[in-house]
Amino acid sequence: MDYLCLLLIRSSHEKNQGTKVYIMRAVDLRSDTVTLPSDEMREAMARAELGDDVFGEDPTVNRLERIAAERVGKEAALLVVSGTMGNLASILTHCRRGEEAILGDQSHTFIYEGGGIAALGGIHPHTIPNQPDGTVRLEDIEAAIRPDNVHFPRTKLICLENTHNRCYGAPLKPQYMAAVAELARRHGLSVHLDGARLFNAAVALGVDVRELTRHVDSLTFCLSKGLAAPVGSVICGSKAFIAEVRRTRKVLGGGMRQAGVLAAAGIVALEKMVDRLQEDHANAMRLAEGIARVDGLSINLANVYTDIVYFDVVGATVSADRLIGQLNDRGIRMLSVGPKRIRAVTHYGVTADDVDHTLRALKEAM
Ligand code: TLP
């Protein structure tokens with residue numbers, strides 16, 4: 001629970017009664033990126049042993065990279081500043097200029113990463129439709145792979161996203177990951193996974209995270225979303241791939257020096273914050289079930305999988321922006337993602353009580 005502000009109000013007829021103080025409770029559901037580091041993280045950051053990571057001499061970064069690689073079952077790992085940089089550096093390492101990456105038309109990399117792979121890498125994004133459960137159809141991938149012909153860009157890479165942000169936070173299952181990887185091998189392609197919320201997927205499916213990573217060539221996961229670290233994502237892959245991507249990261253200006261202050265929080269994130277994601281998922285379902293009972297709002301509970309809740313306002317007169325404005329006035333923040341569509345994300349720091357408070361505010365606002 002958090003408190004947004006103190007409203008200090010003194011009006012003339014209240015002169016003799018002193019100052020009235022109103023406390024407004026703040027619940028920020030815009031994203032799990034808004035999480036603040038735990039006390040344990042802050043302490044670990046303050047105590048972290050440091051060195052120059054561009055020389056490979058920061059012991060805390062090295063430790064985080066070892067722990068991360070081990071955790072996802074890959075040979076090596078590399079700390080980067082963000083999920084966007086993780087995907088960009090990975091895809092730039094897989095593909096050369098003029099080569100093609102196949103990716104879902106709702107993928108974060110296609111929609112929200114500034115077109116970086118094209119802008120900085122000359123990589124041609126070939127989009128195919130995402131299904132509502134975050135998958136792309138195997139037959140659509142197969143049809144998108146270019147034959148060897150001088151007219152076409154060369155297909156090099158297939159990108160997947162797990163959980164899938166725009167597709168309701170849906171987790172992709174191990175069997176699906178395996179099927180895509182098998183198709184990729186058959187065509188001599190690599191697979192990159194945007195696993196910004198990979199641990200949410202593993203927790204929701206009740207599987208070891210390695211079941212979701214063993215089939216892909218590279219992956220990124222974020223420390224700074226549900227795992228609540230202040231900064232950082234990790235790229236994982238083979239030793240050879242990570243050695244290359246380390247060069248790409250440097251070219252992008254992403255070589256960091258005493259980055260152990262960040263890695264220290266990342267280690268706590270990996271060791272202490274994974275199991276509690278279940279709580280965020282339960283709170284997301286609690287929120288969704290409450291929303292289903294509010295007149296004028298519409299939600300499909302079958303589309304609530306992890307920490308992300310999408311719902312719609314119905315009726316001609318209400319818009320998502322208007323409802324969000326009314327919630328803001330009550331200290332509650334959500335994101336408008338379409339004229340009628342709203343996204344709310346539960347995370348560390350948001351309690352079941354905050355969810356109930358949010359539901360009361362939603363009812364009032366409607
Ligand atoms: N997603 C953010 C926004 O950019 C939309 C959010 O609030 O959900 N992959 C996926 C699947 C993501 O959801 C995000 C962030 C990223 C990559 C990028 O991570 P950062 O923000 O660290 O660059």
Side-chain angles (χ1 to χ4, degrees), residues 28-37 68 78-92 101 103-117 119-120 125 127 130 133-136 159-172 177 191-202 204 212-213 216 218-236 249 252-254 256 259 262-263 265-266 269 277 280-281 284 305-310 320 324 333-338 341-350:
D28 191 344
L29 300 172
R30 285 172 301 166
S31 179
D32 46 8
T33 58
V34 304
T35 44
L36 297 175
L78 185 76
L79 175 66
V80 290
V81 293
S82 64
T84 301
M85 184 182 273
N87 287 330
L88 178 61
S90 299
I91 298 171
L92 290 183
L103 67 176
D105 62 355
Q106 297 303 309
S107 63
H108 193 278
T109 299
F110 182 60
I111 296 183
Y112 295 119
E113 294 176 16
I117 63 170
L120 305 183
T127 55
N130 270 118
D133 66 355
T135 60
V136 283
C159 299
L160 297 175
E161 187 175 314
N162 198 5
T163 64
H164 202 291
N165 183 341
R166 297 257 306 178
C167 297
Y168 307 102
L172 306 182
M177 305 290 300
V191 180
H192 171 72
L193 174 65
D194 175 355
R197 298 184 180 84
L198 178 65
F199 289 96
N200 293 82
L212 301 173
T213 56
V216 304
S218 62
L219 66 110
T220 57
F221 71 82
C222 292
L223 298 162
S224 64
K225 302 204 164 51
L227 301 186
V231 179
S233 296
V234 186
I235 306 174
C236 304
R249 181 187 70 171
L252 293 173
M256 294 179 281
L262 305 177
L277 291 174
D280 299 340
H281 300 176
Y305 300 93
T306 52
D307 59 341
I308 300 182
V309 176
Y310 284 96
I324 282 182
R333 307 185 79 182
M334 296 186 185
L335 270 191
S336 144
V337 289
R341 181 154 282 201
I342 294 177
R343 186 186 85 161
V345 187
T346 54
H347 51 78
Y348 176 64
V350 171

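Just so you know, ligand 1 is whichever comes first in the structure, and atom 1 is the first atom listed for that ligand. This structure is a prediction, so every number in the text was calculated from the model and none was measured.
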Report the C-alpha distance between D32 and R197 in whole Å, list the side-chain angles of each, state the deciding distance to 0.1 Å, and finish with yes or no for salt bridge (charged side-chain N to carboxylate O under 4.0 Å, His left out). CA-CA 10 Å; D32 46 8; R197 298 184 180 84; 2.8 Å; yes
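- Here the side chains of V309 and T346 are not in contact, with every heavy-atom distance at 4.5 Å or above.
- Shown here are the side-chain contact (heavy atoms from CB on, under 4.5 Å) partners of A170, two or more places apart in sequence or in another chain: Y305.
- Applying the side-chain contact (heavy atoms from CB on, under 4.5 Å) criterion to S218, with sequence neighbours excluded, gives S90, H94, H192, F241.
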Identify all pairs of nitrogen or oxygen atoms, one from ligand 1 and one from the protein, separated by less than 3.5 Å, and list them with distances.
unit_1, atom_1, unit_2, atom_2, d
ligand 1, 1 (N), H108, NE2, 3.1
ligand 1, 4 (O), H108, NE2, 2.9
ligand 1, 7 (O), S31, OG, 2.7
ligand 1, 7 (O), R343, NH2, 2.9
ligand 1, 8 (O), N165, ND2, 2.9
ligand 1, 8 (O), R197, NH2, 2.8
ligand 1, 8 (O), R343, NH1, 3.0
ligand 1, 8 (O), R343, NH2, 3.4
ligand 1, 9 (N), D194, OD1, 3.2
ligand 1, 9 (N), D194, OD2, 2.6
ligand 1, 13 (O), N165, ND2, 2.8
ligand 1, 13 (O), R197, NH1, 2.9
ligand 1, 19 (O), K225, NZ, 3.0
ligand 1, 22 (O), G83, N, 2.8
ligand 1, 22 (O), K225, NZ, 3.2
ligand 1, 23 (O), G83, N, 3.4
ligand 1, 23 (O), T84, N, 2.9
ligand 1, 23 (O), T84, OG1, 2.6

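- A donor-acceptor contact shorter than 3.5 Å links the side chain of T35 to the backbone of K225.
- Contacts of D28 classified as side-chain contact (heavy atoms from CB on, under 4.5 Å), with partners at least two apart in sequence or in another chain: R30, V34, R333.
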